[in-house]
Amino acid sequence: MEEKKMNEEITEEAEKAEATEEKAAKPEKGDKKKIKALEAELAEVNKKAEEINEKYMRMLAEYDNFRKRSAKERESIYGDAYTDALTSILPVLDNLERAEGCTDAEGLAKGLELTLKSFRETLEKMGVTEIEAIGKTFDPNLHNAVMHVDDESVGENTVVEVFMKGYKKGDKVLRHSMVKVAN
């Protein structure tokens, strides 16, 4: 909008300059004072047009800097979020590596249980939740039916088995649940 206003001002000043030049082009005898006044007015108009143009160029440069800075910030935010997510998952990797060296079966089972608990807590902190499926009505937005079974003890379009759990963050599905559905 400011650009439009500046363009209008420049146009007005240019029209004034043209009118002034036309007057100066047809001097009457003995009107040297008028010519000098008109030339001074023309110089003033040109100076003002240059100032407006300079303002416009500065504003354009500021906008370009703002655009570049915003793009850089967006890239930085994505990188920071990505780093934070990976950092919160690394303790789970550490626990799995410790479990790899474990020779005691009972200790290994206990360690695996604690690692799974830790990983679930990490996902929960990141806002990731499991999609509930068993006993729920089949929803193609949340579930991916890979099998159908005729079971009269369960209602129609009810999920009876989950082959692979699904997850979502907020309303966005990260992975659909792979399920068996009763017909």
Side-chain angles (χ1 to χ4, degrees), residues 1-17 45-102 108 110-148 157-181:
M1 185 156 157
E2 279 193 40
E3 183 178 334
K4 186 177 180 181
K5 185 178 177 183
M6 292 176 121
N7 284 338
E8 288 174 1
E9 288 179 9
I10 290 171
T11 304
E12 287 176 20
E13 295 299 326
E15 287 173 359
K16 286 181 184 177
V45 167
N46 285 338
K47 182 179 175 187
K48 193 167 187 179
E50 285 177 23
E51 288 174 4
I52 291 171
N53 189 42
E54 187 177 322
K55 257 186 186 178
Y56 171 73
M57 294 305 281
R58 284 184 190 195
M59 185 177 69
L60 192 62
E62 284 179 27
Y63 173 74
D64 191 45
N65 289 339
F66 169 76
R67 187 179 51 78
K68 288 176 183 175
R69 198 170 40 249
S70 296
K72 191 174 182 180
E73 285 174 4
R74 274 193 306 276
E75 289 173 13
S76 172
I77 289 170
Y78 175 78
D80 291 346
Y82 195 76
T83 301
D84 290 345
L86 291 175
T87 301
S88 63
I89 292 174
L90 288 178
V92 176
L93 177 63
D94 295 337
N95 289 337
L96 289 172
E97 287 174 344
R98 277 190 221 103
E100 184 179 41
C102 184
L108 183 63
K110 181 68 175 168
L112 184 57
E113 182 182 317
L114 291 173
T115 301
L116 278 171
K117 180 182 177 200
S118 169
F119 191 66
R120 286 183 182 119
E121 288 172 355
T122 299
L123 288 177
E124 191 176 301
K125 287 178 187 174
M126 295 170 77
V128 177
T129 57
E130 183 180 322
I131 297 172
E132 293 185 32
I134 293 184
K136 302 288 181 183
T137 302
F138 174 75
D139 181 355
N141 296 317
L142 301 174
H143 310 117
N144 182 15
V146 293
M147 288 182 74
H148 292 279
N157 275 343
T158 301
V159 175
V160 292
E161 188 176 345
V162 176
F163 299 113
M164 190 166 58
K165 293 178 181 179
Y167 295 93
K168 63 183 181 174
K169 178 170 176 28
D171 291 335
K172 182 177 173 92
V173 175
L174 301 174
R175 181 175 76 189
H176 292 80
S177 299
M178 293 180 79
V179 298
K180 182 192 291 186
V181 180

**Student:** How long is the gap from CE on Met57 to CD on Glu50, to the nearest 0.5 Å?
**Tutor:** 13.0 Å
**Student:** Counting heavy atoms not belonging to Glu97, are there more than 12 under 6.0 Å from its CD?
**Tutor:** yes
**Student:** What do you reckon, is CD of Glu124 surrounded by more than 12 foreign heavy atoms closer than 6.0 Å?
**Tutor:** no
**Student:** How far does NE2 of His143 sit from NZ of Lys180, to the nearest 0.5 angstrom?
**Tutor:** 15.5 Å
**Student:** So, for Ala85 and Ser88, which heavy atoms are closest and what is the spacing to 0.1 Å?
**Tutor:** O-OG, 2.8 Å
**Student:** Testing the basics here: between Leu108 and Ala99, what is the closest heavy-atom pair and its distance to 0.1 Å?
**Tutor:** CD1-O, 3.3 Å
**Student:** Please name the pair of heavy atoms, one in Ser118 and one in Val92, separated by the smallest distance, quoted to 0.1 Å.
**Tutor:** OG-CG2, 4.0 Å
**Student:** Per the salt bridge (Lys or Arg N to Asp or Glu O under 4.0 Å) rule, which among Arg120, Arg175, Lys168, Lys165 passes with Glu130?
**Tutor:** Lys165
**Student:** Are the side chains of Lys110 and Glu113 in touch, meaning some heavy atoms are under 4.5 Å apart?
**Tutor:** yes
**Student:** Could you check Arg67, Lys68, Lys72, Arg74 and say which one makes a side-chain contact (heavy atoms from CB on, under 4.5 Å) with Ser70?
**Tutor:** Arg74
**Student:** Using a strict cut-off of less than 4.0 Å between a Lys/Arg side-chain nitrogen and an Asp/Glu carboxylate oxygen, indicate whether Lys125 and Glu121 qualify as a salt bridge.
**Tutor:** no
**Student:** Do Leu114 and Asn95 touch side chain to side chain, with heavy atoms closer than 4.5 Å?
**Tutor:** no
**Student:** Hey, is CZ on Phe163 packed in by over 12 heavy atoms from elsewhere, all under 6.0 Å?
**Tutor:** yes
**Student:** Looking at every non-hydrogen atom in both residues, tell me the closest pair between Ala133 and Val162 and how far apart they are.
**Tutor:** CB-CG2, 3.5 Å
**Student:** Can a donor-acceptor pair be found, under 3.5 Å and without considering hydrogens, that links the side chain of His176 to the backbone of Asn141?
**Tutor:** yes
**Student:** Looking at Lys169 and Leu174, what are the two nearest heavy atoms and their distance?
**Tutor:** N-CG, 4.0 Å
**Student:** Distance check, rounded to the nearest 0.5 Å: Leu112 atom CG versus Lys117 atom NZ?
**Tutor:** 14.0 Å
**Student:** Can you name the nearest heavy-atom pair linking Thr87 to Thr83, along with the distance?
**Tutor:** OG1-O, 2.7 Å
**Student:** Do Thr115 and Phe119 have side chains that get closer than 4.5 Å, going by heavy atoms?
**Tutor:** no
**Student:** Rounded at 0.5 Å granularity, tell me how far CZ in Phe138 sits from CG in Asn144.
**Tutor:** 7.0 Å
**Student:** CG/Asp84 to CE/Met126 distance, rounded to the nearest 0.5 angstrom?
**Tutor:** 9.0 Å
**Student:** Supply the atom-to-atom distance Ile89 CD1 to Leu123 CG, rounded to the nearest 0.5 angstrom.
**Tutor:** 6.5 Å
